[in-house]
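Below, read A as the first sequence line, B as the second, and so on, with proteins coming before strands; counting in each chain starts at 1.
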There are 2 protein chains.
Amino acid sequence: MEDGRRPTIRDIAREAGVSVATVSRVTHDDARVVAATRRRVQDAIDRLGYSPSALGRGLATRRTNTLGIVLPGLGGPYFAELVQGAESVAVERGTAINVLGTHLRPDADGAVRDLAARTDGLIVAGGTVGEDLLVRLSAGTRVVLVAGRSDVVPTVRTDGRAAAIALTKHLVAPRERGGHGYRRLRFLGEPSGSPDTHLRYSGFRQALGDAGLAECGEPLRYGLEVGSGALAARRLHEQHRDGDRLPEALVCANDELAFGMLITLPGLGYRLPDDVAITGFDDQDLAALASPTLTTVHQPVHDLGARAAALALDGTGGRGPVGPPGTDVVLPTELVVRESCGCSAA
Amino acid sequence: MEDGRRPTIRDIAREAGVSVATVSRVTHDDARVVAATRRRVQDAIDRLGYSPSALGRGLATRRTNTLGIVLPGLGGPYFAELVQGAESVAVERGTAINVLGTHLRPDADGAVRDLAARTDGLIVAGGTVGEDLLVRLSAGTRVVLVAGRSDVVPTVRTDGRAAAIALTKHLVAPRERGGHGYRRLRFLGEPSGSPDTHLRYSGFRQALGDAGLAECGEPLRYGLEVGSGALAARRLHEQHRDGDRLPEALVCANDELAFGMLITLPGLGYRLPDDVAITGFDDQDLAALASPTLTTVHQPVHDLGARAAALALDGTGGRGPVGPPGTDVVLPTELVVRESCGCSAA
DNA sequence: ATGAAAGCGCTAACAG
DNA sequence: CTGTTAGCGCTTTCAT
C-alpha cells in the first residue's frame, strides 16, 4: 500500500474499477453517482487513505480556497485577533488561511506577490505594501486593505479622527455633561509619523477647536512604543521644572505611549490622574489592567478581520454585496472610559 | 493587456518571442539564459505583470513551499509566538505559512487533512489531532508534533516534569541554599486532566519526595482557566476556615490558575506571598505584571516553533540532521523567580 | 449513470 | 543557449 507517494485519483479509480471522473464526482458529493458505485469508490478512498490534492484541484478550478493575510509582524496585540476574525468567516467557506509577516522578509514585495499567487483573496494591513504593488496585486486577486485608505482597493477600517474627537470631547466637556472640563490638553505622538497618528491628532485638534480651546503646547513628538512614552514623560517633567504649567490631560497617540507615561510619571512624583490625566488609543489587553486603568478607544479588530475576509473572499461585506473598487467599510470604535482620564473607579 | 485573467507563462513566452522553457528558466534565475534573452523575457514579465502560479509550479515540482501549523485556537499567548518562531525559519527558505485553528472548525480532522494536502510540512500542536490521524498524515507530509509526545511522528517539546521539579526544589530547598524551606506544599490542577498537568504534578511530587516531604493535601482539582483559580481560592479559604492549615506554597498547573489565586486571595484577607506563596507555569506576559509578580516556568515557545518548523521543512532540527521517526527534541525551560514565591522584589 | 479526453500553469528531461 | 514535450492531479464538458 505504501510506495511512498500519496495515492492519486487514478489510484482510486483503478482500485475501485471506475473512471477518474467518477471518483471526482464522489469526492464532490455529486448526486449523479449511483449508491453502489459510490460505495465502491468510498471504500477504495478509505482503504488507500486518499485525499484529493489541493494543488491539482486548484489548478483545475482556478481557485485555491485560501485566504492570504499580510501584516507587518506576526506578533503584537492585533495579529491574533485579526486572524481570528478572518478565520471566523473562513471557516464557513472551508477556506484555509495563509499568513505573512513582511517585517522579517528581506524581499517583502516578492513574498507578497508570491502569496497572492496562491490565494483567492488577500487581506493587507495598512502600511505593509505600497500603493503601486496594491495595484498590481488587485489585477490578479481580490485585495482588501485593512486599517488604511486606498482608492485602488476596497478598504475596511475605523475612523481614527472621529474616535479622537469623541475621546477629546469627553475630556473637555463640562462636568455637568459627564465630561471633565479640562482646558489644558496636550497631544503625545508624532502626527507626521503615521497616518493613524495624524488622524488622531487631527481629531484631537478638531474637538479642541469645537470647544473653543487651543492645544497647550506643541505635540510631544515621540515614537509609538512604551519607551518613547517613558522618554516623553521625562521631557514633560523637565519642562514643568523649567516653569511650564503641566497640562491637565495628555492625549496619547496609542496605548503603548500611555503605558510609558503610566509607569514613569508616578516615579517622578506625579499622581495619576489627579496631577495629569492620561488617555490611550487601541484598548490593548493591558489597558484594563494598568494602574490606573487606562481610558482609551477600543478598536474592533476581530470585526475588521471578519469584514475584510468576507470582502476578500467574495466581495461581500457582511450586509449584502458591496462592490469594490470604491468600497470603504468603516467600523465603529468605542470610547472606553476607565480611571486614567479622571473618572473614578466604578 | 487586461482581459481579466492573470497572464500565464505562455503569454510571456509569446510576448517575448521565446519558449515557455526559457521563461521558466528566467523566473528561476537559471544561468543558462543569455543576457539579451533574459532581458527580453524580464521586460515581458514586467510589462504584463506576470508572476508564476504557485499552483502550477507546485503541481509540477510536487512541492508547495508552504508550512502548515495546526493549533487548537488562533488566540492565546502561544499562537503568535509559535507562529513567529516558525516564520523565522520559514523566511530563510522562502516558505509560506498556513495556519489552522481546529476549535472553530466543525470538521477539524477534514480541515487538517485538507491542510496537509497543500503543505510540504505540518506542525501540529499536542492534543489537536488524534494519534490515528497523525499516522495517516505522516504518510503524505512530514508531520511534527509540538508540545506533546508521540511515537509515530517526531516531536518537539519541553520537559514539564523536569521543570516542575526545578520549581518545587526552589520552594523546598533550605534558605541557606537559596530556597524558601517550605514544608507544606499543595498542587492546584487536575493531574488527569491533561498530559501537561500530569507531568507537572508528577514532577512536583518527585521533588517533594526527594526532599523527604509529602503533599499537604490532595491536589485541588480544577480546570485550567483564571476562573478555576478563583474558585479554588474560595475552596481553599473554606477549608482553612474549617480548620485546615493553609499550605505555605501552592504550585499551580499554569499561570492562569495562579492569576485566579492572585486576584482572589487578597480579597479574602490573605497576604501574598506571606500567608501563602503562589507559583505558575508558562510565563505568560502578565506574569511579570501581576502583583505580586509571578514566579513561574518560562516556556521557549518561539524556539519550539522554530525547531518544529525546521524539522517539518527538511528534517533538520537545527543542529545537524536528526532523523524522524523517533526524533524527540526537548528544549530547556527556565525557572523565572519573581515575587510570588516569597522572594523579595529585587 | 459513467467514461474519455482536453486542459489548468508550470517544470524538467531531452533534443538540438 | 533554447525549444519540444510529457506529465504533475484534478475537473469538466461531451459522449455514450
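- Counting only residues at least two apart or on different chains, no ring-ring contact (aromatic ring centres under 6.0 Å, His included) pair has a member in residues 96-115 of chain A.
- Among residue pairs with one or both ends in residues 106-116 of chain A, those qualifying as side-chain hydrogen bond (donor to acceptor under 3.5 Å, both in side chains) are A/Asp114-A/Arg118; sequence neighbours excluded.
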Q: Using a 3.5 Å limit on both pairing distances, list the dot-bracket string of DNA chain C from the 5' end; Watson-Crick and G-U wobble pairs count, crossing pairs take [ ], interstrand pairs take |.
A: ||||||||||||||||

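- Evaluation of the side chain to side chain donor-acceptor pair (under 3.5 Å) rule for B/Arg10 yields no partner, not counting sequence neighbours.
- In this view, A/Arg39 and A/Asp43 satisfy the salt bridge (Lys or Arg N to Asp or Glu O under 4.0 Å) rule, not counting sequence neighbours.
- For residues 69-84 of chain B, every residue pair satisfying the side-chain hydrogen bond (donor to acceptor under 3.5 Å, both in side chains) rule, not counting sequence neighbours, is listed here: B/Tyr78-B/Asp282.
- Under the salt bridge (Lys or Arg N to Asp or Glu O under 4.0 Å) criterion, A/Asp303 pairs with no residue, sequence neighbours left out.
- Contacts between residues 35-42 of chain B and DNA chain C, defined by a heavy-atom separation under 4.0 Å, are absent.
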Q: Produce a footprint string for nucleotides 9-16 of chain C: one letter per nucleotide, 5' end first; B if the base is under 4.0 Å from any protein heavy atom, S if only the sugar-phosphate is, - if neither.
A: BBBBB---

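- In this structure A/Arg40 satisfies the side chain to side chain contact (heavy atoms under 4.5 Å, CB included) test together with A/Val18, sequence neighbours excluded.
- By the salt bridge (Lys or Arg N to Asp or Glu O under 4.0 Å) test, B/Arg25 is found to be paired with no residue, residues two or more places apart in sequence or in another chain being considered.
- In this model, no donor atom of one side chain and acceptor atom of the other lie less than 3.5 Å apart for A/Thr66 and A/Asn98.
- Within the 4.0 Å cut-off from OP1 or OP2 of D/dT2, not a single side-chain nitrogen or oxygen of B/Thr22 is found.
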Could you list the donor-acceptor pairs under 3.5 angstrom formed by side chains in residues 69-76 of chain B, with sequence neighbours left out?
none

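- A/Ile45 has its CD1 atom 14 Å from the C1' atom of D/dG9, to the nearest Å.
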